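Working notes for the structure below.
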Protein chains: 4
Amino acid sequence: MSGIWGRNIKLSIFGESHGVAIGVTIHDLPAGFRLDMDEIEREMARRAPGGEFSTTRKEADKVEIVSGIFEGKTTGAPLTGIIYNTNTRSKDYQPDIPRPSHSDYGWWVKTEGNNDYRGGGHSSGRITAPLVFAGAIAKQILAKKGIFVGSHILAIKDIYDLAFGTQITECMLDDLTHCSFPVLDNRVRESMQNEIISARKEGDSVGGKIQCAVVGMPAGVGSPFFHSLESELSSMLFSIPAVKAVSFGNAEDMSKTYGSIANDAWCITEGKISTKTNNNGGILGGISTGMPIVFDVTIKPTPSIYKEQDSVSLSKSEECKLQIEGRHDPCILVRALPVVEAAAAIVMLDAIE
Amino acid sequence: MSGIWGRNIKLSIFGESHGVAIGVTIHDLPAGFRLDMDEIEREMARRAPGGEFSTTRKEADKVEIVSGIFEGKTTGAPLTGIIYNTNTRSKDYQPDIPRPSHSDYGWWVKTEGNNDYRGGGHSSGRITAPLVFAGAIAKQILAKKGIFVGSHILAIKDIYDLAFGTQITECMLDDLTHCSFPVLDNRVRESMQNEIISARKEGDSVGGKIQCAVVGMPAGVGSPFFHSLESELSSMLFSIPAVKAVSFGNAEDMSKTYGSIANDAWCITEGKISTKTNNNGGILGGISTGMPIVFDVTIKPTPSIYKEQDSVSLSKSEECKLQIEGRHDPCILVRALPVVEAAAAIVMLDAIE
Amino acid sequence: MSGIWGRNIKLSIFGESHGVAIGVTIHDLPAGFRLDMDEIEREMARRAPGGEFSTTRKEADKVEIVSGIFEGKTTGAPLTGIIYNTNTRSKDYQPDIPRPSHSDYGWWVKTEGNNDYRGGGHSSGRITAPLVFAGAIAKQILAKKGIFVGSHILAIKDIYDLAFGTQITECMLDDLTHCSFPVLDNRVRESMQNEIISARKEGDSVGGKIQCAVVGMPAGVGSPFFHSLESELSSMLFSIPAVKAVSFGNAEDMSKTYGSIANDAWCITEGKISTKTNNNGGILGGISTGMPIVFDVTIKPTPSIYKEQDSVSLSKSEECKLQIEGRHDPCILVRALPVVEAAAAIVMLDAIE
Amino acid sequence: MSGIWGRNIKLSIFGESHGVAIGVTIHDLPAGFRLDMDEIEREMARRAPGGEFSTTRKEADKVEIVSGIFEGKTTGAPLTGIIYNTNTRSKDYQPDIPRPSHSDYGWWVKTEGNNDYRGGGHSSGRITAPLVFAGAIAKQILAKKGIFVGSHILAIKDIYDLAFGTQITECMLDDLTHCSFPVLDNRVRESMQNEIISARKEGDSVGGKIQCAVVGMPAGVGSPFFHSLESELSSMLFSIPAVKAVSFGNAEDMSKTYGSIANDAWCITEGKISTKTNNNGGILGGISTGMPIVFDVTIKPTPSIYKEQDSVSLSKSEECKLQIEGRHDPCILVRALPVVEAAAAIVMLDAIE
């Protein structure tokens with residue numbers, strides 16, 4: 001059940017949606033790195049609840065760093081960031097009827113009924129806030145090495161944005177992280193937003209896809225067994241609630257064609273070895289090629305909806321109806337963007353440290 | 001670069017395509033388990049090269065167990081299986097021109113030119129033979145606990161088999177593992193095979209998808225951060241060469257619809273809590289629900305093709321043509337089935353031990 | 001540098017002597033265990049500064065549990081305990097002159113001058129407070145399984161207490177943990193205390209030895225390579241500042257005699273297989289024998305003394321004198337007892353979970 | 001039970017005394033290092049059985065490297081060395097009567113009687129042969145970085161050699177590794193040897209101590225919690241059968257004196273910061289100081305002796321006599337020297353990579 005991840009940079013995460021606090025300890029950060037607290041706050045704000053397309057639960061998500069920095073710089077000792085929970089309405093939750101497509105039932109079995117069921121407890125999407133904090137630090141350290149991460153909404157329901165092409169720049173990624181509803185093709189934004197607003201009105205939710213890219217990763221990072229860059233990325237990404245698929249490069253297209261079409265031919269561009277296409281998303285045999293690392297994350301509709309649903313009573317072992325209360329996101333994608341980027345940043349930093 | 005995986009059952013893998021031997025040490029297996037060597041051989045044979053749809057390189061892939069068993073049973077001490085390489089034609093490989101969509105270039109950068117380039121070295125698909133060996137042992141131990149793993153070819157290029165439904169039985173999975181070209185819908189088999197034969201004739205290759213299921217996993221296994229069952233499965237699956245996407249349940253469909261449609265309602269069937277649908281593939285919040293675990297693996301076309309390709313000379317830093325020699329699979333999917341199953345079995349055993 | 005330890009029960013520790021807070025996250029605790037907060041406070045008080053034989057720095061060392069418990073019981077999710085630092089006098093420290101026999105210089109080199117030098121930063125003995133907290137929880141869980149830990153002062157300077165014999169009972173160990181200056185032979189207590197008081201008067205410090213025992217550990221726990229019970233215990237014990245040697249059973253005596261004398265003969269006592277002697281301290285080949293686990297920990301004199309010492313100026317690269325200020329322990333042994341016991345309890349819990 | 005060790009350089013060990021083969025896989029070695037096979041053989045010969053002071057079992061202990069090297073150099077891929085067992089006399093062992101001070105009984109309980117009892121199985125001292133192999137490689141890589149390891153017999157029974165002083169040179173350590181019975185004070189050699197020969201004649205065995213040193217380790221390597229250099233060294237050293245205590249620097253002396261005497265004052269020698277004394281054995285707060293790393297290992301008498309001993313019948317649960325057959329070492333210290341050095345080399349390499 002361990003909430004520990006990483007080999008060179010290690011995360012230890014903790015907290016529950018309605019507990020006292022949530023947070024993360026980051027082990028083995030390089031010493032002497034001056035943290036930009038404004039940038040950390042900006043990333044936290046991107047994930048924080050409260051926007052038009054999200055839950056109405058408001059949390060400042062102010063991180064207090066209680067160890068590992070001295071005079072504004074990392075010391076190399078474990079760095080712990082804590083966020084105290086402030087705006088909890090636990091009465092909205094009850095333990096006896098598991099919410100469909102949530103982990104309530106699994107936890108109940110796993111802990112023999114001793115789980116903190118309020119808001120999903122330790123499984124809550126709220127636990128991604130510490131991830132974003134860790135990712136914000138990772139991003140800053142990566143940026144000094146010329147490595148940048150960014151993402152856009154690839155799909156809301158069946159409305160698709162354009163995909164990243166072979167040319168992805170730091171500037172393009174930075175713009176995306178400053179956009180409140182980032183898409184590559186501005187013409188699809190409004191339709192996507194209308195889809196979300198419409199789902200909210202119906203008391204329903206919608207799914208979609210996020211596409212994320214990392215530029216500046218040098219070639220030669222990673223390994224085949226068992227810590228391919230794809231393994232590491234997917235292992236972290238599947239920790240994000242609602243993520244159900246992870247796909248690298250043009251996986252889907254490649255599976256439907258011939259090697260002669262799918263293969264990324266090597267070439268020399270500006271004196272540097274690269275590939276003409278990037279169907280493999282910058283990773284071959286688990287090792288980076290020097291091309292942009294590109295992956296898609298498939299996200300299911302938020303399972304918390306206001307429509308009445310079928311469930312069971314755990315105590316009575318009989319079927320019953322469930323009407324979910326509380327404050328929920330009609331579409332988690334907008335808030336998930338910085339989480340996906342944080343995951344990518346942490347994995348990349350771990351890989352190159 | 002570490003070839004070590006696992007928390008309760010640990011694998012340590014080694015070997016190169018054209019080195020002396022390949023193998024794996026499995027740590028922390030339960031003691032006193034009598035191994036069925038015939039079953040292990042059957043699984044090895046499923047992956048071994050030589051069939052109509054695969055490479056013409058022949059390898060007996062006979063595993064010698066050199067430690068960890070005594071009088072036919074596991075002792076709990078590290079169990080090592082070794083396969084000596086016998087049929088190598090290293091002259092088919094040369095180090096200077098990286099093969100497109102292979103890891104050659106990444107290794108070359110990573111090791112500053114000290115990689116064993118012959119047949120991909122440690123990145124070779126050949127290294128999945130020890131995985132199948134470990135998986136065959138894991139399967140036997142799981143079977144005693146009522147847990148079974150099986151898979152079928154979901155797609156060859158754009159020809160699709162039926163997907164698993166909600167009802168998956170041990171018997172159905174067992175049948176699939178005994179079929180040389182397993183599909184659920186027998187009507188698609190021939191078209192799929194023709195697609196492969198046609199690619200072989202063209203000196204080309206094709207991709208596709210494998211769908212795998214695990215039945216009998218109890219509810220309550222797994223965790224949200226960072227070792228969700230999805231994280232563990234994907235981390236192992238992305239170690240298999242050519243795997244480019246991993247998807248759980250009906251991820252794609254869910255992303256394109258509403259929560260009210262995607263959610264798996266809880267119900268009581270034969271006195272047992274289960275779900276009416278299984279869109280989430282048996283895993284919620286990283287924890288098993290007791291429903292069949294179902295996932296799809298997207299596999300790219302084998303990058304080794306006989307058509308001339310564009311590449312570069314590493315020594316001259318200039319573009320050139322590459323004509324691949326050697327013996328290669330026009331489609332890796334048939335041989336990848338037992339590898340995907342082995343990955344699933346190892347992950348499940350690790351999760352419940 | 002990672003502050004993470006454990007395989008089944010994992011600790012992630014953080015904090016600096018003069019930072020905002022210190023603490024620990026414990027991963028993978030069993031769910032449903034009701035914590036006795038009074039017992040935790042009692043253990044914290046045993047280690048807390050302020051007694052006659054310790055520093056005059058006063059810290060309440062009140063632990064706030066911010067995650068992992070619900071309605072008084074563990075949930076199985078990561079449990080984090082935080083202690084905010086309150087009584088810090090950082091002006092007593094300066095970065096330029098490393099204190100002899102402290103880690104100041106090593107940290108300075110390691111972090112290129114970015115370490116938090118105040119009170120030793122993350123290397124401070126203060127960081128053992130979270131260890132005692134984790135140990136207090138481990139002790140409670142072990143007690144339910146009939147496993148008990150206790151220790152006594154084996155030596156202060158060259159004044160020796162009696163050693164544990166073959167018969168060690170739960171009751172005996174419990175009494176020791178309730179004694180403010182625990183020795184087996186009451187006649188040596190006063191001499192030991194006088195030695196400490198005399199060192200304090202001189203502005204000096206003294207070393208000594210702690211002997212710790214664990215009773216109730218079943219036979220068959222542990223392994224030879226590389227996680228022998230001795231390996232695990234020593235790895236944790238050498239994290240405690242000032243510990244310089246770890247010895248199991250009658251190691252010293254055994255090294256000086258013959259096998260025919262040192263060997264622990266097997267016998268049957270009350271129908272149970274045990275050994276007539278326990279020279280090996282309850283561990284053979286890294287595996288528990290069912291006999292009490294007994295080990296000695298050698299502790300150097302506290303390096304912080306008030307006598308003027310020789311040191312160097314890091315900035316000037318020249319030799320100089322150092323006069324240490326601050327509040328320091330003339331002998332750390334009394335406060336180290338609960339730390340050593342905590343280490344033992346954590347290791348035992350990790351080994352049997 | 002896992003036979004895996006390390007963070008940067010990882011070992012995975014396997015094998016039993018009387019099984020097919022023993023060996024080790026070393027993960028994450030640097031690529032491009034040319035191995036000196038003669039040096040490896042020399043180290044293996046130092047540990048191999050057959051000398052005047054050891055068992056009469058003869059094993060060539062020829063290591064076959066089956067992966068991870070190409071054209072004589074490491075590739076960075078897992079490097080596996082295998083030693084096939086050749087000279088086994090399993091009939092000397094029987095499972096029902098555990099040998100005193102061996103791990104037989106612990107294994108029997110742990111595996112519910114499924115352990116390979118022949119010669120101690122996986123707990124056998126024979127499994128240190130792969131450790132010496134891994135250590136021989138580590139030593140070569142360290143030597144290129146100016147780091148050298150050596151050891152001498154500090155004590156046989158109660159006959160003591162001189163201890164290392166503050167001045168330890170590469171040359172001194174190298175000489176020791178080329179000596180068949182290395183002591184610092186040549187006058188004690190003969191008495192020590194007579195003690196061993198006398199024990200052999202009596203069918204008995206003797207214990208003793210080994211002192212090991214590492215020179216050339218830079219300052220600033222290691223960490224306080226939980227991976228101090230002392231933790232890492234002791235965790236590896238306690239994997240060596242018969243090791244019962246590990247002590248750093250002048251631990252025993254320090255525990256018996258005052259801080260003002262024990263403290264290692266900083267000074268400047270030839271423009272470099274060092275300490276006047278080295279009571280702490282080159283490690284402070286878990287971090288290297290740049291001084292020689294010095295530690296003592298206490299080794300119990302070989303438990304296999306030819307005198308009749310008391311034991312029990314596991315099947316009958318009654319006391320009985322045991323007469324050990326087989327070929328055994330009257331004193332393991334001479335053969336343990338390269339094992340202790342190997343352990344130190346592996347730990348140092350892991351720490352600096």
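Chain letters run A, B, ... following the sequence lines, proteins first and then strands; every chain starts at 1. Computed from a predicted model, the values in this text were never measured in an experiment.
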Part of [X] lying under 4.5 Å from any heavy atom of chain C:
X        : result
A:Ile13  : backbone
A:Ser12  : both
A:Ser123 : neither
A:Phe14  : both
A:Asp116 : both

Quick one about [Y] and [X] (side-chain donor to acceptor, distance below 3.5 Å, no hydrogens or angles considered), yes or no?
X        : Y        : value
A:His328 : A:Thr302 : no
A:Ser17  : A:Arg118 : no
C:Ser311 : C:Arg99  : no
A:Glu232 : A:His227 : yes

Note to self: At a heavy-atom distance under 4.5 Å, which candidate from C:Gly19, C:Gly121, C:Gly32 has the highest pair count against chain A?
What the structure shows: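 If we count pairs closer than 4.5 Å to chain A, C:Gly32 comes out on top.
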Next item on the list: Just do the side chain to side chain contact (heavy atoms under 4.5 Å, CB included) check on C:Phe70 and A:Asn114 with the steps written out, would you?
Entry: CA-CA 8 Å; C:Phe70 180 51; A:Asn114 288 293; over 6 Å; no
Notebook entry, point to check: Which bit of C:Ile65 is near chain A, if near means a heavy-atom gap under 4.5 Å: side chain, backbone, both or neither?
Noted result: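 Backbone of C:Ile65 only, per the 4.5 Å heavy-atom cut-off to chain A.
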Note to self: Strictly distance-based, threshold 3.5 Å: is any side-chain N or O of C:Asp96 a donor or acceptor partner for the main-chain N or O of C:Ser315?
What the structure shows: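 Confirmed, C:Asp96 side chain pairs with C:Ser315 backbone.
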